[in-house]
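Reviewing the structure listed below.
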Protein chains: 2
Amino acid sequence: MEQTQLTNSLQTYFNRLGHDIDLSILTLPVEVHSLSKGDYLFQQGDVASNFYFLSTGLVRYVSVSDEGKEFTQSFVKGPSVIGSTKSMVTKSKASFGIQALEESIVLSYPWTAFYEQMREDKNFLEFYVKLLERIFISKEERESAFMKHSAERRYLDFCVAFPELKDTIQQQQIASYIGITPVALSRIRQKLKLC
Amino acid sequence: MEQTQLTNSLQTYFNRLGHDIDLSILTLPVEVHSLSKGDYLFQQGDVASNFYFLSTGLVRYVSVSDEGKEFTQSFVKGPSVIGSTKSMVTKSKASFGIQALEESIVLSYPWTAFYEQMREDKNFLEFYVKLLERIFISKEERESAFMKHSAERRYLDFCVAFPELKDTIQQQQIASYIGITPVALSRIRQKLKLC
DNA sequence: GATATCGCTTAACTTAGGTTAATTCCTTTC
DNA sequence: GAAAGGAATTAACCTAAGTTAAGCGATATC
């Protein structure tokens with residue numbers, strides 16, 4: 001398939017957000033990843049120094065503790081830029097993996113080469129600034145929720161924030177997102193039913 | 001005092017980080033905040049849409065829950081850019097306040113006007129990108145530590161990460177940083193002493 | 001169509017950490 | 001130097017959530 005056809009969805013994404021970015025200046029080959037439900041784009045511990053664009057689908061960021069417990073850091077629905085900023089920028093091992101929860105299509109470029117070419121475009125820099133601001137703000141809000149609210153409240157907040165996920169993904173994944181065990185979530189749901 | 005003299009420390013900060021940014025293009029007046037120990041630069045709930053530069057001193061980001069419990073999100077030593085990205089970018093109320101833990105000097109510019117002028121400078125955009133990347137990565141690591149480690153481990157990590165703070169700030173502030181009560185921290189320290 | 005397998009629930013028990021309060025120790029302040 | 005307030009410790013008690021395990025539907029596999 002032609003490069004421009006493949007990158008169409010990314011170009012559209014930029015345009016929709018109001019950023020006048022021309023991808024055709026890139027001399028880099030884009031890579032296409034087709035993920036089935038359950039597949040990992042990359043695993044925790046991999047060096048994932050790519051710029052990833054989730055064209056369609058749904059993924060979760062999942063990190064595993066030394067004791068083997070899974071924790072879901074976030075859910076992301078396409079179209080959206082995804083990936084580990086840390087791994088991308090510092091070429092270090094990612095502290096989480098990205099797993100598809102549905103059939104998903106992901107485009108990627110090696111970050112360093114991509115940034116070297118795109119940084120010439122002030123519009124791209126401004127897009128990237130806005131992207132970082134956005135993901136930072138959402139992390140700020142999540143941290144605050146974790147510190148300030150109980151697990152029960154975090155569950156209720158989740159249901160409001162992701163109404164479409166509430167009934168489509170597994171409860172254990174919701175539990176790992178709000179930072180408790182599936183058993184504890186089941187108890188909370190039981191208690192809420194009674195109210 | 002002259003504008004250029006006031007902004008000297010910020011100019012030096014940019015230069016040290018290797019960013020060729022010329023502040024003298026700014027037609028904006030800089031504001032200087034002189035904080036005593038305990039003073040707030042801004043409080044949670046204020047709209048703090050300024051670009052703040054902590055020239056010298058030490059601050060903490062502190063948020064308070066509905067029940068009145070304090071939580072310290074981070075400690076920052078000058079020289080460093082500080083502030084609430086969310087409040088700055090979206091002109092919304094800050095979800096935390098910034099409190100000086102020592103005598104501190106802070107410079108500030110209103111963000112919108114500052115960004116409008118500085119965005120013309122690609123070097124500034126790249127500095128701002130690097131700044132966002134850095135604070136994002138540190139948030140990513142903190143989130144991970146919170147999910148993966150016990151309070152005891154988080155205390156030990158704190159001692160390694162902030163050796164100079166360990167003995168200079170109050171234990172209740174350390175406790176609020178690692179997300180437990182002062183009583184619980186005291187218990188942990190007691191237990192560690194026995195080992 | 002029988003049988004694993006997986007996700008969820010429920011129960012019983014354990015544990016980390018919260019709550020309250022008393023005690024001591026240190027600073028301030030007058 | 002006495003008094004008062006704040007910080008840390010310690011103890012007793014409580015609660016939310018973790019752990020383990022049994023049971024129960026679903027769905028998938030042969």
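First the proteins, then the strands, lettered A, B, ... as listed; each starts at 1. No experiment lies behind these values; they were computed from the predicted model shown. Computation of the quantities below employed the complete heavy-atom set of this structure, encompassing side-chain atoms and omitting hydrogens, waters and symmetry-equivalent molecules.
Remark: P of dG18(D) and CG of L185(A) are 10 Å apart, rounded to the nearest angstrom. Here the C1' atom of nucleotide dA17(D) and the CZ atom of R189(A) are 17 Å apart, to the nearest Å. Between Y155(B) atom OH and dA8(D) atom P the separation is 11 Å, expressed in whole Å. Protein atom CZ of F146(A) is 13 Å distant from nucleotide atom C1' of dA17(D), rounded to whole Å. Whole-Å rounding puts the Q171(A) CD to dC8(C) P distance at 5 Å. When the P atom of dG6(D) is taken as reference, atom CD of E70(B) falls 14 Å away, rounded to whole Å. The CZ atom of R187(A) sits 19 Å away from the P atom of dG7(C) (whole-angstrom rounding). Counting to the nearest Å, the C1' atom of dT19(C) and the CD atom of E67(B) are 14 Å from each other.
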| task | Test side-chain contact (heavy atoms from CB on, under 4.5 Å) on L156(A) and L192(A) and set out the steps. | result | CA-CA 10 Å; L156(A) 293 171; L192(A) 290 173; 3.9 Å; yes
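Taking the six-membered ring for Trp and thresholds of 30 and 60 degrees, W111(A) and Y128(A) have ring planes inclined between 30 and 60 degrees apart.
Note on Q172(B): only backbone sugar-phosphate atoms sit closer than 4.0 angstrom, heavy atoms only; bases stay farther off.
Side-chain atoms of T181(B) lie closest to dT19(C) of the nucleotides dT19(C), dA17(D), dT19(D). Nearest nucleotide to the side chain of K69(B), out of dT19(D), dG18(D), dT19(C): dT19(C). Counting only heavy atoms from C-beta on, S186(A) has its side chain closest to dT10(C) among dT10(C), dT19(C), dA17(D). Listed candidates were dG17(C), dA17(D), dT10(D). Nearest to the side chain of A184(B) is dG17(C).
For dA17(D), the OP1/OP2 oxygens have no side-chain nitrogen or oxygen of K191(A) closer than 4.0 Å. Contact between the side-chain N/O atoms of Q190(B) and the OP1/OP2 oxygens of dT9(D) is not found at any separation under 4.0 Å.
Taking the six-membered ring for Trp and the full ring otherwise, F114(B) and F124(B) have centroids separated by under 6.0 Å. Aromatic pair F146(B)/F146(A): centroids not less than 6.0 angstrom apart.
A salt bridge does not link E140(B) with K139(A): none of the charged nitrogens is closer than 4.0 Å to a carboxylate oxygen.
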